[in-house]
Amino acid sequence: MKKIIVIIMVLALCIMAISCGNHMVSHEETVRTQEPASGKNIVIGFSQLGAESDWRSANTESMKSTFTAENGYEMIFEDGQQKQSNQITAIRMFIQQEVDYIVLAPVTEKGWDTVLQEAKDAGIPVIIVDRMVDVSDENLFTCWVGSNFELEGKKATEWLNQYIKKEGISPEDIHIVNIQGTLGASAQIGRTKGLADAARAHGWDLLAEVNGDFTQAKGREVMKSLLTLYHNINVVYCENDNEAFGAIEAIEAAGGKVGSDLKNGEIMVISFDGVKEKAMSYTLEDKISCIAECNPLHGPRVKAIIDLLESGGTPDKFYYVDEEIFSANKAVTKLSIDGTEYDVTLLTQEIIDDRNQ
Ligand code: AHR
């Protein structure tokens with residue numbers, strides 16, 4: 001009888017051990033199913049700030065079409081919907097998921113120290129894309145790639161400066177409003193500074209700076225109220241194309257005419273980005289007088305950085321993208337800014353067609 005009891009106990013122990021083993025296997029499988037199908041793909045957690053503009057859509061598309069499974073990546077995409085708190089949550093999730101790289105397109109510059117320290121402690125490289133972060137220690141991120149937003153502002157305002165000189169218009173006759181982008185975002189800070197500095201230097205009448213959130217709806221809304229507040233506006237500086245589209249709608253709805261003919265009462269619209277055909281076509285039609293380019297195609301640029309890191313290289317800390325300035329008006333062909341000459345690209349339908357291919 002004793003023997004039978006011992007045999008039963010041994011059998012029971014074996015069954016427990018097998019079921020416990022099965023449990024471990026199934027846990028491992030659960031973990032494994034979260035890994036990329038090939039088991040070799042590089043996993044990227046991308047925290048995009050939102051979907052406010054045509055530029056942003058083009059930027060998201062560039063990232064998604066670059067970091068594909070065919071190219072050897074798995075990209076976990078999180079839309080922050082313009083909220084830094086959502087982006088911080090996304091980064092913490094990426095850390096928990098032990099991604100290989102975190103790519104962050106930050107909505108505003110400040111407030112990233114803590115979460116970037118957490119990513120650093122977890123040993124995950126962070127690549128900042130588009131707007132910058134303003135952190136106490138630059139070692140909290142690996143590198144940054146994006147635009148020189150202040151230079152964009154300088155280009156747009158120098159174009160205006162040259163244009164009114166050619167037209168024989170006095171600087172004090174320039175009554176300008178600034179529809180700003182999301183306050184605290186690098187693109188807003190740089191472009192706003194570009195205009196404020198130029199207005200001060202040239203003596204333009206900067207009537208107002210209002211937040212347009214980089215969206216068409218807000219651009220239209222704030223332009224409508226600016227037109228009721230100020231009756232002498234002759235230049236509208238829009239910090240992106242979507243705001244420009246909204247401002248143009250508001251000006252036309254109020255019975256105004258947009259264009260570069262300031263002497264005959266037209267209201268000049270200046271913009272940034274130049275992403276989609278609409279902004280370029282508006283420039284060709286002289287609804288937008290000039291656009292300082294902001295290039296959104298960062299996917300291949302981020303990939304080049306990751307390729308370099310994967311091969312053991314050390315990327316530069318900051319990568320600035322080369323950008324153009326577009327106008328269909330022949331008045332200004334060259335700009336000189338801080339000792340560097342920039343050609344103004346005279347826009348034609350051919351150039352637009354090439355850019356959209
Ligand atoms: O940070 C880049 C800016 O953000 C682009 O100019 C704008 O269109 C976008 O929303």
Discussion item. Cation-pi check for Phe149 against Lys193: NZ or CZ below 6.0 Å from the six-membered ring centre and within 45 degrees of the axis, yes or no?
Written reply: no
Worksheet entry | Note, Pro296 side chain near Ser62 side chain (heavy atom, < 4.5 Å) | no
Discussion item. Between Ile91 and Glu118, does the side chain to side chain contact (heavy atoms under 4.5 Å, CB included) criterion hold? Intermediate values first, please.
Written reply: CA-CA 9 Å; Ile91 293 171; Glu118 289 167 27; over 6 Å; no
Item to complete: Would you confirm whether Asp241, through its side chain, and Gly274, through its main-chain N or O, come within 3.5 Å as a donor-acceptor pair?
Response: yes
Worksheet entry | Stepwise side chain to side chain donor-acceptor pair (under 3.5 Å) test for Glu249 and Gln216 | CA-CA 9 Å; Glu249 283 168 8; Gln216 184 160 343; 2.8 Å; yes
Worksheet item: Does the side chain of Ile169 reach to within under 4.5 Å of the side chain of Lys263, using non-hydrogen atoms?
Response: yes
Worksheet item: Can you tell me if NZ on Lys224 sees more than 12 non-hydrogen neighbours from other groups inside 6.0 Å?
Response: no
Practice prompt. Heavy atoms only: give me the nearest Phe272-Ala156 pair and the separation to one decimal.
Written response: CZ-CB, 3.7 Å
Worksheet item: For Tyr342, is the NZ or CZ atom of Lys155 found under 6.0 angstrom from the centre of its six-membered ring and inside 45 degrees of the ring axis?
Response: yes
Item to complete: Report yes or no: does Asn86 contribute a side-chain atom to a donor-acceptor pair with the main-chain N or O of Gly80 at less than 3.5 Å?
Response: yes
Discussion item. Would the distance check show the side chain of Asn148 and the main-chain N or O of Leu151 forming a donor-acceptor pair, the cut-off being under 3.5 Å?
Written reply: yes
Discussion item. Checking Val236 against Asn178 for the side chain to side chain contact (heavy atoms under 4.5 Å, CB included) test, could you report, in this order, the C-alpha distance in whole Å, the side-chain angles of both residues, the deciding distance, and whether it holds?
Written reply: CA-CA 6 Å; Val236 188; Asn178 181 7; over 6 Å; no
Practice prompt. Show your reasoning for whether side chain to side chain contact (heavy atoms under 4.5 Å, CB included) applies to Val107 and Lys83.
Written response: CA-CA 7 Å; Val107 62; Lys83 288 200 176 77; over 6 Å; no
Fill in: For Lys110 against Gln84, the heavy-atom pair lying closest together
O-NE2, 2.7 Å
Worksheet item: Are the charged groups of Arg191 and Glu152 less than 4.0 angstrom apart, N to O?
Response: yes
Worksheet item: Taking side chain as C-beta onward, heavy atoms only, is Val129 less than 4.5 Å from Phe46?
Response: yes
Worksheet item: Heavy atoms, side chains only, cut-off 4.5 Å: are Thr66 and Tyr73 in contact?
Response: no
Practice prompt. Taking the side chain as every heavy atom from C-beta outward, state whether Ile267 and Val235 have any pair of such atoms under 4.5 Å apart.
Written response: no
Item to complete: Show your working on side chain to side chain contact (heavy atoms under 4.5 Å, CB included) between Met280 and Leu347 and close with a plain yes or no.
Response: CA-CA 8 Å; Met280 292 307 205; Leu347 208 59; 3.8 Å; yes
Fill in: Heavy-atom pair of closest approach, residues Ser136 and Asp113
OG-OD2, 2.7 Å
Discussion item. With no hydrogens and no angle check, just 3.5 Å: does a side-chain donor-acceptor pair link Ser260 and Asp286?
Written reply: yes
Worksheet item: How far apart are the C-alpha atoms of Lys334 and Glu158, what are their side-chain angles, what is the distance that settles it, and do they pass the salt bridge (Lys or Arg N to Asp or Glu O under 4.0 Å) test?
Response: CA-CA 10 Å; Lys334 274 190 193 315; Glu158 185 50 24; over 6 Å; no
Practice prompt. Can you measure from CD (Gln81) to CG (Leu49) and round to the nearest 0.5 angstrom?
Written response: 11.0 Å
Worksheet item: Under 4.0 Å between a Lys/Arg side-chain N and an Asp/Glu carboxylate O for Arg56 and Asp130?
Response: yes
Worksheet item: Heavy-atom distance under 4.5 Å between the side chains of Phe245 and Arg220, does that happen here?
Response: no
Item to complete: Give the intermediate values and the outcome of side chain to side chain donor-acceptor pair (under 3.5 Å) for residues Glu239 and Gln188.
Response: CA-CA 7 Å; Glu239 291 189 0; Gln188 176 272 314; 4.9 Å; no
Worksheet item: Do you know which two heavy atoms are closest between Ala279 and Ile288, and how far apart they sit?
Response: O-CD1, 4.1 Å
Worksheet item: Is it true that Lys40 and Glu74 have a side-chain N and a carboxylate O under 4.0 angstrom from each other?
Response: no
Worksheet item: Between the main-chain N or O of Asp261 and the side-chain N or O of Glu266, is there a donor-acceptor pair closer than 3.5 Å?
Response: yes
Item to complete: Output, in order, the C-alpha distance, side-chain angles, deciding distance and verdict of side chain to side chain donor-acceptor pair (under 3.5 Å) for Tyr101 and Glu310.
Response: CA-CA 11 Å; Tyr101 294 92; Glu310 286 289 307; 2.6 Å; yes
Worksheet item: Would you say Met75 and Ile44 make side-chain contact, with heavy atoms under 4.5 Å?
Response: yes
Worksheet item: Is it true that a side-chain atom of Ser271 and a backbone atom of Ile291 form a donor plus acceptor pair closer than 3.5 Å?
Response: no
Worksheet item: Is the Lys NZ or Arg CZ of Lys303 less than 6.0 Å from the centre of Phe67's six-membered ring, within 45° of the axis?
Response: no
Worksheet item: Looking at CD1 of Ile270 and CD1 of Ile179, how far apart are the two atoms once the value is rounded to the nearest 0.5 Å?
Response: 12.0 Å
Practice prompt. Would you check if the side chain of Asn234 reaches a backbone N or O of Ile176 as a donor-acceptor pair within less than 3.5 Å?
Written response: no
Worksheet item: For the side chain of Thr68 and the backbone of Lys64, is there at least one donor-acceptor N/O pair under 3.5 Å apart?
Response: no
Worksheet item: Would Ile88 end up clustered with Ile76 when hydrophobic side chains under 4.5 Å apart are linked, directly or stepwise?
Response: yes
Worksheet item: Which atoms form the tightest heavy-atom contact between Ile102 and Ile124, and what is the distance?
Response: CG1-CG2, 3.7 Å
Worksheet item: Could you walk me through whether Gln87 and Ser47 pass the side chain to side chain donor-acceptor pair (under 3.5 Å) check?
Response: CA-CA 6 Å; Gln87 293 201 275; Ser47 170; 2.9 Å; yes
Worksheet item: Does a side-chain N-to-carboxylate-O contact under 4.0 Å join Lys218 and Glu52?
Response: no
Practice prompt. Please report the shortest heavy-atom distance between Ala250 and Leu227, naming the atom on each side.
Written response: O-CD1, 3.8 Å
Item to complete: Could you tell me whether the side chains of Asn59 and Gln48 share a donor-acceptor contact shorter than 3.5 Å?
Response: yes
Worksheet item: Ring centres of Trp159 and Phe326 under 6.0 Å apart?
Response: no
Worksheet item: Does Asn329 offer a backbone N or O that forms a donor-acceptor pair with the side chain of Ser327 under 3.5 Å?
Response: yes
Item to complete: Measure the shortest side-chain to side-chain distance between Glu277 and Ile352 over non-hydrogen atoms and say whether it is less than 4.5 angstrom.
Response: yes
Fill in: ILVMFWY cluster, Ile189 and Leu104 together (side-chain gap under 4.5 Å)
no
